[in-house]
Amino acid sequence: MIVKNLYDDVIGTDADVDSKQWTSRRLLLAKDGMGFSLHDTLIKEGEDLHLWYKNHLEAVYCIEGEGEIYDKATGITYPIREGTVYALDQHDQHILSANKGSQMRMVCVFNPPVTGRETHDKDGSYNLPE
């Protein structure tokens with residue numbers, strides 16, 4: 001059994017990855033052997049993230065804040081708010097935006113799992129784990 005606490009076991013460790021646009025607190029990683037990784041992610045207020053997880057599938061559940069996700073393939077923009085889930089089941093290229101005045105807090109699941117300190121490449125993706 002794996003038991004971790006965000007505040008006691010993740011924040012302030014190597015599993016707490018911060019960038020200009022987001023902070024990803026990685027609760028479960030590849031080394032935990034679950035076959036997916038689980039992240040508590042903050043999208044910083046007013047930020048637009050151009051993302052393309054070409055090597056991963058991702059599911060995201062918004063637990064706080066408001067914003068939107070723009071699907072580059074269809075041109076459709078979907079509102080995101082507390083209680084919204086989206087799944088990038090086709091390695092969808094997208095833009096995730098947090099509204100001005102609103103930080104979004106998201107629970108994210110990646111398959112395959114990330115290994116730890118990954119940040120996005122210039123195309124918005126993570127490399128595959130070694």
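This is a predicted model, so every value here is computed, not measured. Just so you know, these numbers use all the heavy atoms, side chains as well, and skip hydrogens, waters and symmetry mates. Quick note: residue numbers are just sequence positions, from 1.
Distance check, rounded to the nearest 0.5 Å: CD of Gln103 to CD1 of Ile43 gives 8.5 Å. With values rounded to the nearest 0.5 angstrom, His94 atom NE2 is found 12.5 Å from Thr74 atom OG1. Note that the CD atom of Glu64 and the CD atom of Glu82 stand 7.5 Å from one another [nearest 0.5 Å]. Here the straight-line distance linking atom CD1 of Ile76 with atom CD1 of Ile69 works out to 12.0 Å at 0.5 Å rounding. Considering CD of Glu45 and OG of Ser97, their distance stands at 13.0 Å, rounded to 0.5 Å.
Applying the salt bridge (charged side-chain N to carboxylate O under 4.0 Å, His left out) test to residues at least two apart or on different chains, the pairs with a partner in residues 96-110 are Asp40-Arg105. Under the side-chain hydrogen bond (donor to acceptor under 3.5 Å, both in side chains) criterion, the residue pairs touching residues 3-12 are Lys4-Asp32, with sequence neighbours excluded.
Cluster partners of Val3, using a side-chain heavy-atom cutoff of under 4.5 Å among ILVMFWY residues and allowing indirect links, are Met1. Annotation for Leu57: hydrophobic cluster partners, listed by chain and number, are none (ILVMFWY side-chain heavy atoms under 4.5 Å, direct or chained).
Every residue meeting the salt bridge (Lys or Arg N to Asp or Glu O under 4.0 Å) condition with Lys44, not counting sequence neighbours, appears here in chain and number order: Asp18. Every residue two or more places apart in sequence or in another chain was checked for a side-chain hydrogen bond (donor to acceptor under 3.5 Å, both in side chains) with Asn111, and none qualifies. Listed by chain and residue number, nothing satisfies the side-chain hydrogen bond (donor to acceptor under 3.5 Å, both in side chains) test with Glu58 (two or more places apart in sequence, or in another chain). Remark: Thr13 engages Ala15 in a side chain to side chain contact (heavy atoms under 4.5 Å, CB included) (not counting sequence neighbours). Under the side chain to side chain contact (heavy atoms under 4.5 Å, CB included) criterion, Gln21 pairs with Ser19, Glu47, Leu49, sequence neighbours left out. In this structure, Lys72 has no side-chain hydrogen bond (donor to acceptor under 3.5 Å, both in side chains) partners at least two apart in sequence or on a different chain. Shown here are the side-chain hydrogen bond (donor to acceptor under 3.5 Å, both in side chains) partners of Thr84, two or more places apart in sequence or in another chain: there are none. Considering only residues two or more places apart in sequence or on other chains, Asp92 meets the salt bridge (Lys or Arg N to Asp or Glu O under 4.0 Å) condition with none of them.
Annotation for Asp16 and Ile11: closest pair OD2-CA, 3.5 Å, computed over non-hydrogen atoms. Taking all atoms of both residues into account, the shortest heavy-atom contact from Phe36 to Pro113 is C-CB, 3.3 Å.
With hydrophobic clusters built from ILVMFWY side chains whose heavy atoms lie under 4.5 angstrom apart, Tyr78 does not share a cluster with Tyr61. Both Tyr53 and Met106 belong to a single network of hydrophobic side chains, linked directly or stepwise wherever heavy atoms of I, L, V, M, F, W or Y lie under 4.5 Å apart. Both Leu28 and Val107 belong to a single network of hydrophobic side chains, linked directly or stepwise wherever heavy atoms of I, L, V, M, F, W or Y lie under 4.5 Å apart. Val60 is connected to Met104 through a chain of hydrophobic side-chain contacts under 4.5 Å among Ile, Leu, Val, Met, Phe, Trp and Tyr, so both are in one cluster. Note on Leu6 and Leu42: separate hydrophobic clusters, where clusters join Ile, Leu, Val, Met, Phe, Trp and Tyr whose side-chain heavy atoms are under 4.5 Å apart, directly or indirectly.
Side chains of Leu51 and Ile95 form no contact here, defined as non-hydrogen atoms less than 4.5 Å apart. Asp71 places none of its side-chain heavy atoms less than 4.5 Å from the side chain of Tyr86.
Put simply, the side chain of Arg81 never gets that close to the backbone of Glu66: no donor and acceptor are under 3.5 Å apart. The closest donor-acceptor contact from the side chain of Ser37 to the backbone of Val114 lies under 3.5 Å.
Aromatic ring pairs are classed by plane angle as parallel below 30°, tilted from 30° to 60° and perpendicular above 60°; the pair Phe110 and His56 is perpendicular.
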